[in-house]
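Keep in mind that what you see is a predicted model, and the values were worked out from it rather than measured.
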Amino acid sequence: MNKRKKKKMWIIIISILGVIVIGASGVLITATVMGRPVLINVDRQLAGVDEEIENVFYHAGFAPSSHNAQMWGITISPTTSTVSISLNDERLLKVVDPTSREAYISIGCYVETLKQAFAAYGYETTIDIKDALDEKGDFVKIIYKKIVNSITDQKQLDNILKRHTDKSKYNDASINANTLDLLADKDNIFYYIKGEENFNYLKQGTIDAVTVQSADQAYRDELAEWMRFSDNEVLEKQDGLPAEQIGLKGIVKSFYYWTTNHESAKGDTFAAQGIASCTGQVENCSAFFVVTSENNLKSLVETGMDTMELWLKSASNNVSMQPLSAMMEASPFAENIQLDLGLDAPVQMILRAGITNDYGSNAGIRRDLATYITVIE
């Protein structure tokens, strides 16, 4: 091969490599841009409601709910300073939560967050939880009253926005014993630390229960319905489980959106990934918290309130948490867990807990207030 042909060949090779580098760079730049956190500017405006009360309900909206379905329906009467709460039937999870057990717990989480948001803005509240739905479907009534000369507690408001579900792997650090006791300060809250027999029971039981659920096509279909696979879908629906809600960030988020959709989320590969993710989570935490109560409407709402109080305290102490509901949702685990743990009441919530290098903050995937709050005289 003469020098001219060699030179031409090298020019071609270099040109091809240049195209590949430029193309790869373009993909990485695009992935980096797509991987930025999606930002939802929640519309707080409610006709006939003053700005401070709007802000109270904005913060309350950061309460957690199963699949981030935000299944609460709220009615406010500024004239009488009352709030009524019901379930939105269109947002219930009929497969994974057929008795609405978790929905009532989610409402309890909302009630406690609302209570603490009111307190942060200087309001006292009286909360009445009913034993059954009234004729309008309401089961929680709240009366709020401004405390004279009260001062806004910004630290408490910041903590509400900080608290979030952390599905990442936690580090090896143990939770301080005093902190564990501080968090489990109610008779119906228990904790089991890494290495204990009951910790191992909950770890393996969660993996086994998720494996059982993942084999159920109806479960897969319902989960896929609440998954979100683009920022545009998140901005449109303002709910569900986008990348941010399952702990994916940056380039990983971008490739997740490029390679996954609602249909593939119903398949075997996605289910296997879910089992693997769960396994990694339960093997990387310091403790499990368990919350118990009886199986009736009022007790379940109170369970949600207790869980939310625990979770907000954990946030203020930089202890990360993630609820793990599979053992209460799948058989035979749901029937056995109370007896196996030797508890006096049914288990309603399990949360993995641990320490992370960066606690982070809530992704803020929440709906505009007017989409679920009705204002009356």
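Without hydrogens or angle criteria, R366 side chain to F62 main chain gives a donor-acceptor distance under 3.5 Å. Formation of a donor-acceptor pair under 3.5 Å by the E112 side chain with backbone atoms of E309 is not found in this model. A donor-acceptor pair is defined here as one N or O able to donate and one able to accept, closer than 3.5 Å; no such pair exists between the side chain of R228 and the backbone of P242. Side chain of H262 to main chain of A224: a donor-acceptor pair is present (N/O by atom type, distance under 3.5 Å, no hydrogens or angles). At least one donor-acceptor pair under 3.5 Å links the side chain of N159 to the backbone N or O of L312. In this structure a side-chain-to-backbone donor-acceptor pair under 3.5 Å is missing from S277 to G274. For the pair S230 (side chain) and E233 (backbone), a donor-acceptor distance under 3.5 Å is present. A donor-acceptor contact shorter than 3.5 Å is absent between the side chain of T371 and the backbone of R367. The backbone N or O of L46 lies less than 3.5 Å from a partner atom in the side chain of E54, making a donor-acceptor pair. S65 places a side-chain N or O within 3.5 Å of a backbone atom of A69 that can act as its donor or acceptor partner.
Under the 4.5 Å side-chain criterion, counting only non-hydrogen atoms from C-beta, P323 is in contact with W311. Side chains of V347 and M328 form a contact here, defined as non-hydrogen atoms less than 4.5 Å apart. Contact of the V282 side chain with the L324 side chain is registered, since non-hydrogen atoms from C-beta on lie closer than 4.5 Å. Between R220 and D268 there is a side-chain heavy-atom pair separated by less than 4.5 Å. Proximity of P78 to D50: side-chain heavy atoms (C-beta onward) are nowhere separated by under 4.5 Å. Between L202 and L341 the shortest side-chain heavy-atom distance falls below 4.5 Å. The shortest distance between side-chain heavy atoms of I355 and V319 falls below 4.5 Å. In this structure the side chain of T374 never reaches within 4.5 angstrom of the side chain of I74, judged on heavy atoms.
Applying the salt bridge (charged side-chain N to carboxylate O under 4.0 Å, His left out) definition to pairs two or more places apart or across chains, those involving residues 89-104 are R91-D239. Sorted by first and then second residue, the side-chain hydrogen bond (donor to acceptor under 3.5 Å, both in side chains) pairs with a member in residues 319-334 read D166-S320, Q213-E329, Q281-Q322, S320-T356, Q322-R352, S331-E335; sequence neighbours excluded. For residues 129-152, the salt bridge (charged side-chain N to carboxylate O under 4.0 Å, His left out) pairs, not counting sequence neighbours, are E52-K146, D128-K130, D134-K141, D138-K141.
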- [ ] Take Y191 and V290, measure what side-chain contact (heavy atoms from CB on, under 4.5 Å) needs, and give me the verdict at the end.
- [x] CA-CA 6 Å; Y191 64 82; V290 167; over 6 Å; no

TODO: Start with the C-alpha distance between N198 and K203, add both sets of side-chain angles, then the distance that settles side chain to side chain donor-acceptor pair (under 3.5 Å), and finish with yes or no.
DONE: CA-CA 8 Å; N198 284 335; K203 179 179 76 172; over 6 Å; no

TODO: Verify ring pair (Phe, Tyr, Trp, His ring centres under 6.0 Å) between F289 and Y192, making sure each step is shown before the conclusion.
DONE: CA-CA 7 Å; F289 282 83; Y192 307 98; 9.2 Å; no

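With sequence neighbours excluded, the residues satisfying side-chain hydrogen bond (donor to acceptor under 3.5 Å, both in side chains) with S293 are T303. Residues passing the side-chain hydrogen bond (donor to acceptor under 3.5 Å, both in side chains) test with N296 are S299, sequence neighbours excluded. Scanning for side-chain hydrogen bond (donor to acceptor under 3.5 Å, both in side chains) contacts around T152 gives an empty result, with sequence neighbours left out. By the side-chain hydrogen bond (donor to acceptor under 3.5 Å, both in side chains) test, Y201 pairs with D340, sequence neighbours left out. D172 meets the salt bridge (Lys or Arg N to Asp or Glu O under 4.0 Å) test with no other residue; sequence neighbours excluded. Under the ring-ring contact (aromatic ring centres under 6.0 Å, His included) criterion, F139 pairs with Y104, not counting sequence neighbours.
The closest side-chain donor-acceptor pair between N261 and K266, if any, does not fall under 3.5 angstrom. Side-chain N/O atoms of Q204 and N200 include no donor and acceptor closer than 3.5 Å. Using modelled atom types and a 3.5 Å distance limit, the side chains of N232 and E236 yield no donor-acceptor pair. For N317 and S314, the side-chain atoms include no donor-acceptor pair closer than 3.5 Å. Using modelled atom types and a 3.5 Å distance limit, the side chains of Q70 and N68 yield a donor-acceptor pair.
The minimum heavy-atom distance linking L133 with G137 is given by the pair CD2-O, 3.8 Å. Between R163 and N362, the shortest heavy-atom contact is O-ND2, 3.0 Å. What you find for Q348 and E294 is that their closest heavy atoms are NE2-O, 3.7 Å. Residue Y144 comes nearest to T82 through the heavy atom pair CE2-N, 3.7 Å, listed as atom of the first residue, atom of the second, then distance. Across all their heavy atoms, W72 and A63 have their closest contact at CH2-O, 3.4 Å. Of all non-hydrogen atoms in D43 and D368, the two that sit nearest each other are N-OD1, 2.9 Å.
Checked against V83 for a side chain to side chain contact (heavy atoms under 4.5 Å, CB included), the options I127, T75, I142, I143 give a single hit: I142.
Listed by chain and number, the hydrophobic cluster partners of V210 are I275, where partners are ILVMFWY side chains within reach of under 4.5 Å, directly or through others. Listed by chain and number, the hydrophobic cluster partners of L39 come to none, as no ILVMFWY side chain reaches under 4.5 Å of it. Applying the under-4.5 Å side-chain rule to Ile, Leu, Val, Met, Phe, Trp and Tyr, the cluster around I147 consists of that residue alone.
Under the 4.5 Å side-chain heavy-atom criterion for ILVMFWY residues, no single connected hydrophobic cluster contains both L351 and F333. Cluster membership for Y170 and L248, using ILVMFWY side-chain heavy atoms within less than 4.5 angstrom, is not shared.
Aromatic ring centres of H164 and Y359: separated by under 6.0 Å. F288 and F199 have their aromatic ring centers within a separation under 6.0 angstrom. Side-chain rings of F118 and Y123 approach one another, their centers coming within less than 6.0 Å.
The aromatic rings of Y372 and Y110 sit perpendicular, their planes meeting at an angle over 60°, well past the 30° parallel limit.
Under a 4.0 Å N-O distance rule, the pair D231/K253 qualifies as a salt bridge.
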